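Okay, structure first, notes after.
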Amino acid sequence: MEKERTVKIWIIGLGPRTEVLLVSLFSIGDVEITAVCDLSEKAIAKTKNIFAANGKSMPAVYRDYKELLKRPDIEAVMIPTSWNSHLPIA
């Protein structure tokens, strides 16, 4: 049996869906959110507060998802954006 390891997740889109998603992800032991991305400074600030309130350190922050996707350490990406922006990003 393989040893369990932490899965590193990136999130593109920090709107209302992400707020609920984060709380669920925080409860999974072998998951670490290592990067987030959004165009909105307000959404980024709100996300920072959610991380702090849950005792988590803030991951790397990006404002351009294409820059985020250039990282070589990609494992999993979640895109909880609206349908019209989700399709082009995916």
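Heavy atoms only: backbone and side chains are in, while hydrogens, waters and symmetry mates are out. Here the structure is a predicted model, which is why all the values come from computation and not from measurement.
Applying the ring pair (Phe, Tyr, Trp, His ring centres under 6.0 Å) definition to pairs two or more places apart or across chains, those involving residues 15-53 are F26-F51. Within the structure, ring pair (Phe, Tyr, Trp, His ring centres under 6.0 Å) pairs that include any residue of residues 63-90 do not occur (at least two apart or interchain). Each side-chain hydrogen bond (donor to acceptor under 3.5 Å, both in side chains) pair with one or both residues in residues 15-28, not counting sequence neighbours, appears once here: E19-K46.
The two residues P80 and L21 come nearest to each other via the heavy atoms CG-CD2, 4.1 Å. Across all non-hydrogen atoms, the minimal contact from W10 to D73 is CZ2-OD1, 3.3 Å. Contact between I74 and L69 at its shortest, heavy atoms only, is CD1-CD2, 4.1 Å. When all heavy atoms are compared, the tightest approach of G13 to T81 is CA-CG2, 3.6 Å.
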task = Output, in order, the C-alpha distance, side-chain angles, deciding distance and verdict of side chain to side chain contact (heavy atoms under 4.5 Å, CB included) for I44 and T47.
result = CA-CA 5 Å; I44 291 168; T47 300; 5.6 Å; no

task = Determine, stepwise, if the pair V7 / E32 fulfils side chain to side chain contact (heavy atoms under 4.5 Å, CB included).
result = CA-CA 6 Å; V7 176; E32 180 183 354; over 6 Å; no

request  = List the steps and the verdict of side chain to side chain contact (heavy atoms under 4.5 Å, CB included) for L68 and K70.
outcome  = CA-CA 5 Å; L68 172 83; K70 288 180 182 178; over 6 Å; no

request  = Verify salt bridge (charged side-chain N to carboxylate O under 4.0 Å, His left out) between E75 and R5, making sure each step is shown before the conclusion.
outcome  = CA-CA 12 Å; E75 288 189 2; R5 67 177 187 81; 3.2 Å; yes

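Between L14 atom CG and C37 atom SG the span is 7.5 Å, to the nearest 0.5 Å.
Salt bridge status for E41 with K48: absent, with no side-chain N to carboxylate O gap under 4.0 Å.
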Donor-acceptor pairs under 3.5 angstrom involving side-chain atoms of residues 53-60: please list them, not counting sequence neighbours.
{"residue": "N54", "atom": "ND2", "partner": "I50", "partner atom": "O", "Å": "2.8"}

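In this view, N84 and S82 satisfy the side-chain contact (heavy atoms from CB on, under 4.5 Å) rule, not counting sequence neighbours. Looking at residues two or more places apart in sequence or on another chain, you find a side-chain contact (heavy atoms from CB on, under 4.5 Å) between D64 and K66, E67.
The hydrophobic cluster containing V36 does not contain L39, counting ILVMFWY residues as joined when their side-chain heavy atoms lie under 4.5 angstrom apart, directly or transitively.
Counting heavy atoms from C-beta on, the side chains of I11 and L25 come closer than 4.5 Å. Residues R63 and D38 fail the side-chain proximity criterion, which asks for heavy atoms closer than 4.5 Å. Taking the side chain as every heavy atom from C-beta outward, Y62 and R71 approach each other to under 4.5 Å.
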